[in-house]
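In what follows, a structure is listed as C-alpha cells, so that the remarks can point back to it.
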Amino acid sequence: MLRFAISLLLCFSTVAPFLTSIALAEMITCSGIVPMRYRNDKISITDFGAVGDGRTLNTKAFQAAIYRIQHLRRRGGTLLYIPPGVYVTASFNLTSHMTLYLARGAVIKATQDTSNWPLIAPLPSYGRGRELPGGRYMSFIHGDGVRDVIITGENGTIDGQGDVWWNMWRQRTLQFTRPNLIEFMNSRHIIISNVIFRNSPFWNIHPVYCSNVVVRYVTILAPADSPNTDGVDPDSSSHVCIEDSYISTGDDLVAVKSGWDEYGIVYGRRSSGITIRRITGSSPFAGIAVGSETSGGVENVFAENINLFNMGVGIHVKTNIGRGGIIRNITISDVYIENARKGIKISGNVGDHPDDGFNPNALPVVKGITIKNVWGVKVQQAGLIQGLRNSPFTGICLSNINLRGAELTGSRSPGWECSDVSGGSNQVSPGLCSELSSTASISSCSSHF
Ligand SMILES: *[C@@H]1O[C@H](CO)[C@@H](O)[C@H](O)[C@H]1NC(C)=O
Ligand SMILES: *[C@@H]1O[C@H](CO)[C@@H](O)[C@H](O)[C@H]1NC(C)=O
Ligand SMILES: *[C@@H]1O[C@H](CO)[C@@H](O)[C@H](O)[C@H]1NC(C)=O
C-alpha cells in the first residue's frame, strides 16, 4: 500500500504537482511530536531473575530492572527487553529515559491478587477517585513525573486481567476506584506503539497532566460488557496524538477529558492540541468522545478517518451543569459508522457529580464544533444536539452527513432532536432541525473558536 502510494507519487510528481501534495498530506503522522530514541544500553528482564512461566510473581524483577535504569543512568537511556513468555507481576513504576520493549510473544500480566494493590492520591482535578471517594488504586504500569519513555516492541501484550476488578465492581465490593492499565501523570515525551492491551481493569491508557504523547499502532481489547474500559483518555494534557489503532472495548474508544466539576475548575488545566486519526473499533458507548469530565476546558481537537462498527454513539460531546469549562474548536471529519444507536450526540446534561459541592451556576460553554463527511448505515437515530437553556451551544456546524436508519429492522430513523443550539449545516441527511438548518451561517462557523 505504501509502496503503491510512493510509486504513484513518483510517476505523477512531474506531471501533476498538486497530486503529490495531496498524497503527501495523506501521509501525515504523529511521528514529529516525540522523537523516537534508539537505546544503546539494553537489559533483559530475565537478567533480574524474571521467569516467564505465567505463574511466578516477577514484581521484584521489574522493580530491580527499573531501579537499575534510574540509578545507573546510561547516556541515551536504557531498553528493558521482555522476551517471549508470560510475566506475571504486581503494578510497577516506570522511570525516565527508558524503553519497555515487548518481544513478539511477550506478555506482561497483572497479578490477580488485588489485596495489596498500592493506593495513590486522587487526582487533584477530580478531587476523589472517579468511582469512589478517597484515593485510587495505582495503574498497573505507572509513570509519574517522567520523560522520554517508550513502550513498544513486536506487538507483545500488556494484560490487566481485569475480570477480577470488573466482578468487584459488579458485586459492589470495590473499596476504591479501579486501576487504569497504564497511566502517565505530569510526564512528557511519551510514545506507546506496537503493543496489544487486553482486559484493563478500568481505563486503558490515561495520560493526565502530560504533554507530547504519541499512541500509535496499538490494539486495545476488552469485552463489550466490561465496565469503564475506555481506550485512550487524554486528560488535562496537550499535544497528544493517537493514530493507526484498533480499539474495541466496553466504553468510549477515545475520550478527551480535563477534570471534574469544582475540583477540575480550580485545578484549571485544559486539554488542547489533540489529534486522533485512522482509528477503527467498536463499543457499546462512544467512538470519539469529548467529556464528560471537561472542567479544565477542551480545545483544538482534530479527529479524522474514523471507522466505527456496532456502536452506542458514533461521536459524543458531553458535559454537564456544574462542570464549567469551555469546549471549543473541535473538528471531526471522515467518519464511517455502521450499526449504532445514535450517530452524533452533543449534550449538556451527561455524567454524574463528584459530590454535592458542585456549583450549579458553573455552566459549560460549548462553541465551534465542526463535524463533516460522516457516512452511517444502520444508525437508529441520526442525532441529539441539546445545549443548555442558560448556556446555548453555538457554532455547531455539520456538513456532508448521511446517516441512514436501521433499514434491516424496518424501523424509521427519528432523525434529529435539537434544543438550545445554534450553528449551520450543509447537505445533512436526514434533514437537520431548524436551529441548525441554515446554510448561510456555515461560513461563520470557524469564527466561534
Ligand atoms: C510508584 O509511584 C507512586 C506514585 O508516584 C508512589 O506513590 C509509589 O511509592 C511508587 N512505588 C514504588 C515501588 O516506587
Ligand atoms: C504490530 O501491529 C501493528 C498494528 O496492528 C501493525 O501495523 C504492525 O505491522 C505489527 N508489527 C509487527 C512487528 O507485527
Ligand atoms: C483549531 O484547532 C486546530 C487543531 O485541530 C488548530 O490547528 C487551529 O489552530 C485551532 N484554531 C484556533 C483558532 O485556535
Side-chain angles (χ1 to χ4, degrees), residues 1-2 28-30 33 59-67 69-71 84 89-96 101-106 116-123 135-146 151-157 179-180 182-187 192-197 208-209 215-221 234 238-248 256 270-281 288 290 297-304 326-333 367-372 395 397 444-449:
M1 184 64 196
L2 187 65
I28 290 173
T29 70
C30 299
I33 294 175
T59 315
K60 287 205 167 71
F62 277 95
Q63 283 173 352
I66 286 158
Y67 184 92
I69 297 171
Q70 188 173 7
H71 294 277
T89 171
S91 64
F92 60 93
N93 289 324
L94 299 171
T95 188
S96 296
Y101 189 97
L102 290 91
R104 174 170 299 281
N116 294 312
W117 202 283
L119 268 178
I120 57 172
L123 294 168
R136 55 203 190 104
Y137 294 111
M138 186 174 105
S139 62
F140 175 48
I141 298 181
H142 195 75
D144 188 355
V146 299
I151 301 177
T152 190
E154 301 152 8
N155 295 335
T157 299
N180 300 303
I182 302 224
E183 181 172 73
F184 283 99
M185 297 175 56
N186 309 303
S187 298
I192 300 173
S193 74
N194 299 88
V195 177
I196 298 167
F197 298 91
V208 57
Y209 321 138
V215 178
R216 57 196 308 227
Y217 301 121
V218 302
T219 301
I220 304 179
L221 305 171
S238 57
H239 306 297
V240 178
C241 187
I242 304 158
E243 67 183 11
D244 295 304
S245 292
Y246 179 82
I247 310 176
S248 176
V256 185
R270 76 188 61 161
S271 275
S272 76
I274 313 291
T275 307
I276 304 157
R277 60 165 90 85
R278 297 185 297 270
I279 302 295
T280 299
I288 302 300
V290 171
V298 173
E299 63 180 26
N300 308 346
V301 174
F302 180 71
E304 66 175 355
I326 298 183
I327 297 174
R328 68 177 161 204
N329 189 15
I330 313 292
T331 302
I332 300 174
S333 85
K367 56 183 185 178
I369 297 187
T370 298
I371 299 176
K372 59 188 179 190
C397 295
S444 70
C445 282
S446 54
S447 67
H448 287 270
F449 296 167

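In this chain, numbering begins with 1 at the start of the sequence shown. When a ligand or atom number is given, it counts from 1 through the structure's own listing order.
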Interfacing atoms of ligand 1 (cut-off 4.0 Å, heavy-atom, Asp144):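 Reading through ligand 1 atom by atom, the close ones are 5 (O).
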message: Using a 4.0 Å cutoff against the non-hydrogen atoms of Asn93, which atoms of ligand 1 qualify?
response: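 Within the 4.0 Å cut-off of Asn93, ligand 1 contributes 1 (C), 2 (O), 3 (C), 8 (C), 10 (C), 11 (N), 12 (C), 14 (O).
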Among all residues two or more places apart in sequence or in another chain, which pass the ring-ring contact (aromatic ring centres under 6.0 Å, His included) test with [X]?
X      : answer
Tyr67  : His71
Tyr246 : none
Phe197 : none

For Asn329, the ligand 3 atoms whose distance to one of its heavy atoms is below 4.0 Å: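 Answer, ordered by atom number: 1 (C), 2 (O), 3 (C), 8 (C), 10 (C), 11 (N), 12 (C), 14 (O).
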query: Just by distance, with hydrogens left out, do Thr331 and Thr370 show a side-chain donor and acceptor under 3.5 Å apart?
result: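 The answer is no; no qualifying pair exists.
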Distance-minimising heavy-atom pair for Cys241 and Ile33: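 Nearest pair, atom of Cys241 first, then Ile33: CB-CD1, 3.3 Å.
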- request: Work out which heavy atom in His142 is nearest to a heavy atom in Ser139; give both atom names and the distance.
  value: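 Reported closest heavy-atom pair: ND1-OG, 2.9 Å.
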query: Name the residues with a heavy atom less than 4.0 Å from ligand 2?
result: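 If the criterion is a heavy atom under 4.0 Å, then ligand 2 touches Arg104, Asn155, Asn194, Tyr217.
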message: Do Val208 and Phe184 have side chains that approach each other closer than 4.5 Å (heavy atoms only, starting at C-beta)?
response: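 With C-beta onward as the side chain, the pair stays apart.
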